[in-house]
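The structure appears below as structure tokens.
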Amino acid sequence: MHGYRPDTYGESFADVYDDWYRDVSDIDATVAKISTLAKGGAVLELGVGTGRLALPLAKAGVEIVGIDSSRSMIDRLASKPGADAVTTVVGDMAELPFGSNLFTVAFAAFNTFFNLTTVDAQQQCVTRLADVVCRGGRLVIEGFVPPADGLADDGTSVRDITLNSAVLTVSKHDPDSQRITGQHIEISSSGVRMRPWMLRYLTPPQLDDLVAGAGFVLESRHGGWQGEPFDPTGDLHVSTYLLAK
């Protein structure tokens, strides 16, 4: 998508993110798992957004730092109760402007890692994570599992519809680049609003290979944040990696 930047997603969705994505994953289970892994150490959230996870983590007593490329997302987080307990940084999560050995845990929830839309950006991110995470620390990534028979090349669906508005989703899949490009098209009496998004997905084995190059080894893989058994034909995985180098 021409002109797509690291902050395009956040700037396009900040005003509706809390309404549209409030319940996309298990917040309580995520907080419990990350808190347990942190063992009192500092945690880095990649793509902190409006604080859906960072705020309850901070409330649970976790020292949490969140990075997001979107100023609008960070501003939304800053306006919420408890935001002063979350350290936020506006920046590209492929670059991670932090010092070495600062975090016990780094995590990316709900396909956030796939918002890095090029091979180079994904490799750069995990390389930097190996610097900023302490030895013996962990990286946790939640992502969808691409179906074994492949994704559809393109599609159109109705995301939401009311008496006064409709949201359509259109997407196109490039299997060679493993990239999905899409638009949420919001139609209402006030006009049409385009909300672009893009993902570069990885299969779980591809993700394992990617992070292994930076020194992370797979410690566990589950089908959800509550420790559900992982099913290769299921919808998602939560993978925990140990920084062994």
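Bear in mind the structure is a predicted one, so any value in this text is a computation, not a measurement. Keep in mind that the numbers below use all heavy atoms, side chains included, and drop hydrogens, waters and symmetry copies.
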- Non-hydrogen side-chain atoms of L139 and V133 separated by less than 4.5 Å: no
- Message: Check this for me: K80, atom NZ, are more than 12 non-hydrogen atoms of other residues, nucleotides or ligands nearer than 6.0 Å?
- Response: yes
- Message: I need the minimum non-hydrogen distance between L243 and C134, along with the two atoms involved.
- Response: CD2-O, 3.6 Å
- Item | Side chain to side chain, R22 and I27, heavy atoms closer than 4.5 Å | no
- I187 side, atom CD1; S165 side, atom OG - distance, nearest 0.5 Å: 9.5 Å
- Message: Do E219 and R138 have side chains that approach each other closer than 4.5 Å (heavy atoms only, starting at C-beta)?
- Response: yes
- Carefully, step by step, assess S35 and L57 under the rule side chain to side chain contact (heavy atoms under 4.5 Å, CB included). CA-CA 7 Å; S35 299; L57 278 165; 3.8 Å; yes
- Query: For the atom pair OG (S70) and CG (L77), what is the distance rounded to the nearest 0.5 Å?
  - Reply: 11.0 Å
- What are the two closest non-hydrogen atoms of V43 and V62, and how far apart are they? CG2-CG1, 3.6 Å
- Looking only at heavy atoms, what is the nearest atom pair of I64 and A54, with distance? CG2-O, 3.8 Å
- Can you check side chain to side chain donor-acceptor pair (under 3.5 Å) on Q122 and R200, steps first, answer last? CA-CA 9 Å; Q122 291 177 344; R200 182 184 184 267; 2.7 Å; yes
- Task: Would you please indicate if the ring centroids of Y17 and F13 are separated by under 6.0 Å?
- Result: no
- Message: Applying a strict under-4.5 Å side-chain criterion to I, L, V, M, F, W and Y, I'd like to know whether L53 and V24 cluster together.
- Response: no
- Message: Suppose we screen for ring pair (Phe, Tyr, Trp, His ring centres under 6.0 Å). Which residues come up paired with Y201, at least two apart in sequence or across chains?
- Response: F144, H173
- Message: Given 3.5 Å as the limit, does a donor-acceptor pair link the side chain of E228 with the main chain of G224, or not?
- Response: yes
- Task: Please answer: with hydrophobic residues joined when any side-chain heavy atoms are less than 4.5 Å apart, are L129 and V119 in the same cluster?
- Result: no
- Treat each ILVMFWY residue as a node, draw an edge where side-chain heavy atoms are under 4.5 Å apart, and state whether V217 and F107 are in one component. no
- Might you work through the side chain to side chain donor-acceptor pair (under 3.5 Å) test for S69 and D92, ending with a clear yes or no? CA-CA 5 Å; S69 57; D92 187 344; over 6 Å; no
- Query: Please walk me through it: do N164 and T162 pass side chain to side chain donor-acceptor pair (under 3.5 Å)?
  - Reply: CA-CA 5 Å; N164 301 310; T162 70; 5.2 Å; no
- Item | Gap separating the OG1 atom of T156 from the CG atom of D154, nearest 0.5 angstrom | 7.0 Å
- Query: How long is the span from the CD atom in Q183 to the CZ atom in R193, to the nearest 0.5 Å?
  - Reply: 10.5 Å
- Message: Here's one to test your reading of the geometry: is the NZ or CZ of R221 within 45 degrees of the ring axis of F230 and under 6.0 Å from its centre?
- Response: yes
- Would you call R195 and D15 a salt bridge, using N to O less than 4.0 angstrom? yes
- Message: Tell me if a side-chain donor or acceptor on Q123 pairs with a main-chain N or O of A121 at a distance below 3.5 Å.
- Response: no
- For D19, does the CG atom sit with more than 12 other heavy atoms under 6.0 Å from it, leaving out its own atoms? yes
- Message: Before you tell me yes or no, could you show the steps for V192 and E186 under side chain to side chain contact (heavy atoms under 4.5 Å, CB included), namely the whole-Å CA-CA distance, both residues' side-chain angles and the distance that decides it to 0.1 Å?
- Response: CA-CA 6 Å; V192 177; E186 190 173 9; over 6 Å; no
- Item | Close side-chain approach of L151 and I180, heavy atoms under 4.5 Å | yes
- Task: Starting at CE of M73, measure out to CG of D68 and round the result to the nearest 0.5 Å.
- Result: 6.0 Å
- Query: For the hydrophobic clusters of this structure (ILVMFWY residues joined by side-chain heavy atoms under 4.5 Å, transitively), does one cluster hold both F110 and L44?
  - Reply: yes
- Message: Within this structure, what is the OG-CE distance for the pair S171 and M198, rounded to the nearest 0.5 Å?
- Response: 12.0 Å
- Task: Kindly determine whether F103 and F98 satisfy ring pair (Phe, Tyr, Trp, His ring centres under 6.0 Å), including the steps that lead there.
- Result: CA-CA 10 Å; F103 303 103; F98 304 106; 5.5 Å; yes
- Query: Applying the 4.5 Å side-chain criterion to the ILVMFWY set and letting contacts propagate, would V89 and L96 be lumped into a single cluster?
  - Reply: yes
- Task: State, without any angle test, whether E142 and W225 hold a side-chain donor-acceptor pair at a distance under 3.5 Å.
- Result: yes
- Looking at F216, is R135 sitting on its ring face, NZ or CZ under 6.0 Å from the six-membered ring centre and within 45 degrees of the normal? no
- Query: Would you say the side-chain atoms of R128 pair up with the backbone N or O of E95, donor to acceptor, closer than 3.5 Å?
  - Reply: yes
- Query: Just checking, is any N or O donor in the side chain of T112 or N115 under 3.5 Å from an acceptor N or O on the other one?
  - Reply: no
- Query: Looking at T181, T169, T117, which hits side-chain contact (heavy atoms from CB on, under 4.5 Å) with W197?
  - Reply: T169
